[in-house]
Amino acid sequence: MVELLHCARPRGETEFRTVLGNFASGLTIITAMTGEGPVGFTCQSFTSLSLDPPLVLFCPSKTSTTWPRIRIVGRFCVNVLATDHESLSSQFSRSGTDKFEGVEFDRSPNGSPLLPGAVAWIDCVLQVEHEGGDHAIAVAAVEDLAADPDSSPLLFHRGRYAKVS
Ligand SMILES: Cc1cc2nc3c(=O)[nH]c(=O)nc-3n(C[C@H](O)[C@H](O)[C@H](O)COP(=O)(O)O)c2cc1C
């Protein structure tokens, strides 16, 4: 029998992260164009929410310095990362740096930065934000979207980047 890592109640942050890290996901970079230039941050907590109306959600940390700037703009693009986007993901997770340094980008229909090679992109308008502990839950309406059927997504699993095999 396979031995499972068992904990009845999470005793701390490490245990919580270890167990929840078994839930594999894709990765996104959420971008917007502000008056001071392009902004963005790496975001794992993205998911689809509703088909009719078309809604998505993601959970920005309350410590994020980028999310408040995106919130003011109110519209943004969710760039779904491809297998060769590992270093881009790391670059867009470093607070207080110029995340777009050396990054060329196009513009999505709503004017947000579109990262080259993205598996898919989803243009959104922020609809509502809910409380979520040390994160918020941002619900957004989908305005436009597209996908590249020939590319593979970058995954995040047990604290590491992974690929679809
Ligand atoms: C793999 C990975 C997944 C992440 N997922 C999230 C997330 O779901 N929500 C979030 O707020 N931050 C997430 N982050 C952290 C943000 O990218 C990071 O805190 C942010 O870019 C900090 O910069 P800022 O101060 O410019 O917002 C993730 C980072 C990595 C490396």
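Start at 1 with the first residue, then count along the sequence. Each ligand, and each atom within it, is numbered from 1 in the order the structure gives.
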Exceeds 12 heavy-atom contacts within 6.0 angstrom, atom CG of L51 | no

Sorted by chain and number, sequence neighbours left out, salt bridge (charged side-chain N to carboxylate O under 4.0 Å, His left out) with K62 holds for E131

Residue of the set S108, S112, C77, P38 for which side-chain contact (heavy atoms from CB on, under 4.5 Å) holds with M33 | P38

Check: P153 and T83 side chains under 4.5 Å, non-hydrogen atoms = no

So which residues, sorted by chain and number, lie with a heavy atom under 4.0 Å of ligand 1?
-> L27, F41, T42, C43, Q44, S45, C59, P60, S61, S64, T65, T66, F92, S93, S95, K99, F156

Cut-off 3.5 Å, side chains only: do T63 and S61 have a donor facing an acceptor?
-> yes

Which heavy-atom pair separates I30 from F76 by the least distance, and what is that distance?
-> CG2-CD1, 3.8 Å

